[in-house]
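Predicted model only: the values in this text are computed from it and were never measured.
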Amino acid sequence: MNNDQSQMKQAGQPDTARRNLLKMTGVGIAAACVAPLFTTSAAAAAPVSAAQTELKLGKEWDKTFAKSDKVEHKKVSFKNRYGIILAADLYQPKNPGIINNGGKLAAIVVGGPFGAVKEQSSGLYAQIMAERGFVTLAFDPSFTGESGGEPRHVASPDINTEDFSAAVDFIGLLPNVDRDRIGILGICGWGGMALNAAAIDKRIKAVVASTMYDMTRVMSKGYNDSVTKEQRTATLEQLGQQRWKDAEKGEPAQGPVYNELKGGEPQFLVDYAGYYKSRDRGFHPRAINSNSSWTITNPLSFMNMPLLSYIDEISPRPLLLVHGEKAHSRYFAETAHAAAAQPKELMIIKGATHIDLYDRLDVIPFDKMTSFFQQHLMA
């Protein structure tokens, strides 16, 4: 157990039944690559619901990073297999590289972190990889950000895996994209989703997971698989009772606003707040992790559906896992790497924490990711 995890055990815990429920499901400390901290305020800042039939996408540049003059950018939308309309940012290089048959380009779909929006880390990764010659797409998952889906602020290991494949559908139909050279890149909780998508969707030719979380594992078992069977049973009982409350009210209740520090939190929770709450770094009003919370019953499907059961079936397509040496989440990547089949690689970034791989350009190994995709997305 690392220092962050030891500190987590020492952190003060809320005393209400609802907060105990959040703690036991892992939502209170993990649901997200978010570090949702407990407050007494309600999630009143939830974004306006996106319509199922039409998305009204903003035209302004509202990212948490500067716009590059080396790429063309536009907002796009597409449906997933469940009929939910997803919003995304498409980035295309002005000076393309990796051109092959008919001038078509290799492409990369980018998603994550869990509870974030495309204007944050995924967009940053997508723009930089577009600068390096790829057509890229950063999307908002179903039920979040500018994407559709009702109710808001829920997640699903199935539907969100499908979101990756739906993004592959979209980008593979672009006239300048070679559909036989599409890779995906998942960050934090969407790293686990990316591995799951790559296992089932054989059109995906290469996959990178950066600072990866296995959300099904952490929600069902807690950090370091520390949740007992009795605790799990108690959590499921409480989630069942919450469903009655939601059914009576006619809508799901949300938990307290995330990442509002009270003092005394372990360092990795401070790091989360330092990214998501900072208007100079990662804050975005549509991000659950910055400005709202997931529904209380959100963990239910995650607690009964292991994401990485078939990770070995990514093979013979290549897998690259990137993680920080000092990340509290490092064990997720190490376990995934051990379970995967060749070809696979685990790259540990010396001195890096979990959050460092969200936006620190001096830490994220973009050269390594570029060479990986260049090598494995060749015709």
Side-chain angles (χ1 to χ4, degrees), residues 55 57-78 86-112 116-140 145-147 163-164 166-187 190 194 203-208 210 281-282 284 286 320 322 357-379:
L55 298 180
L57 303 178
K59 295 182 179 180
E60 73 281 0
W61 181 265
D62 60 350
K63 319 303 179 194
T64 59
F65 49 91
K67 187 175 184 179
S68 171
D69 60 3
K70 298 178 182 179
V71 305
E72 299 285 351
H73 162 266
K74 69 175 180 178
K75 287 193 172 183
V76 298
S77 62
F78 52 91
L86 303 185
D89 285 304
L90 178 66
Y91 297 89
Q92 303 200 60
K94 291 182 178 179
N95 298 302
I98 323 175
I99 296 177
N100 208 326
N101 302 327
K104 292 190 174 185
L105 305 179
I108 304 169
V109 171
V110 188
V117 289
K118 62 189 182 303
E119 289 76 18
Q120 297 171 315
S121 297
S122 61
L124 174 65
Y125 274 67
Q127 180 173 261
I128 289 177
M129 296 308 290
E131 288 180 337
R132 293 166 179 240
F134 301 90
V135 177
T136 63
L137 187 75
F139 65 91
D140 281 336
E146 291 186 301
S147 287
D163 289 342
F164 258 118
V168 170
D169 293 342
F170 174 85
I171 207 167
L173 294 180
L174 296 177
N176 62 334
V177 167
D178 183 345
R179 68 172 61 178
D180 292 323
R181 295 192 293 148
I182 299 174
I184 62 174
L185 195 163
I187 306 162
W190 253 257
R203 302 173 302 168
I204 297 166
K205 303 304 180 184
V207 57
V208 172
S210 179
R281 191 178 178 192
H284 197 281
R286 285 193 296 272
L320 171 63
V322 178
L357 291 172
Y358 280 17
D359 67 336
R360 284 192 55 185
L361 301 184
D362 59 331
V363 174
I364 303 170
F366 283 114
D367 287 345
K368 173 65 175 181
M369 294 177 188
T370 300
S371 62
F372 173 84
F373 282 122
Q374 285 177 339
Q375 177 184 354
H376 298 295
L377 296 183
M378 298 301 291

One should read off an interatomic distance between Phe65 CZ and Ile128 CD1, to the nearest 0.5 angstrom, of 8.5 Å
If you count heavy atoms of other groups shown closer than 6.0 angstrom to NZ of Lys70, is the number above 12? no
Lys74, NZ: over 12 other non-hydrogen atoms inside 6.0 angstrom: no
Going by heavy atoms in the side chains, are [X] and [Y] under 4.5 Å from each other?
| X | Y | value |
| --- | --- | --- |
| Lys104 | Leu174 | no |
| Leu320 | Lys368 | yes |
| Leu105 | Pro93 | yes |

For residues Ser68 and Glu131, is any side-chain donor paired with an opposing acceptor at under 3.5 Å? yes
Using a strict 4.0 Å threshold on nitrogen-to-oxygen distance, state whether Asp140 and Arg286 make a salt bridge. no
Is a salt bridge present between Asp169 and Arg203, judged by a nitrogen-to-oxygen distance below 4.0 Å? yes
Counting N and O atoms only, with roles assigned by atom type, does the side chain of [X] sit under 3.5 Å from a partner on the main chain of [Y], one being a donor and the other an acceptor?
| X | Y | result |
| --- | --- | --- |
| Arg281 | Asp359 | no |
| Thr64 | Gly282 | no |
| Lys94 | Asp69 | yes |

For [X] against [Y], the heavy-atom pair lying closest together:
| X | Y | result |
| --- | --- | --- |
| Val177 | Ala107 | CG1-CB, 3.8 Å |
| Leu57 | Ser77 | CD1-CB, 4.5 Å |
| Phe373 | Ile108 | CD1-CD1, 3.5 Å |
| Ala138 | Ala126 | CB-CB, 4.0 Å |

Hey, what's the ring geometry for Tyr91 with His73, parallel, tilted or perpendicular (30° and 60° as the breaks)? tilted
Go through the steps to decide whether Thr136 and Gln127 satisfy the test side-chain contact (heavy atoms from CB on, under 4.5 Å), and finish with yes or no. CA-CA 7 Å; Thr136 63; Gln127 180 173 261; over 6 Å; no
Side chain to side chain contact (heavy atoms under 4.5 Å, CB included) partner of Met129, chosen from Val208, Val135, Leu124, Thr370: Thr370
May I ask you to check whether Phe139 and Phe164 place their ring centers less than 6.0 Å from one another? yes
Is there a side-chain contact (heavy atoms from CB on, under 4.5 Å) between Val110 and Ile187 once you walk through the steps? CA-CA 8 Å; Val110 188; Ile187 306 162; 4.2 Å; yes
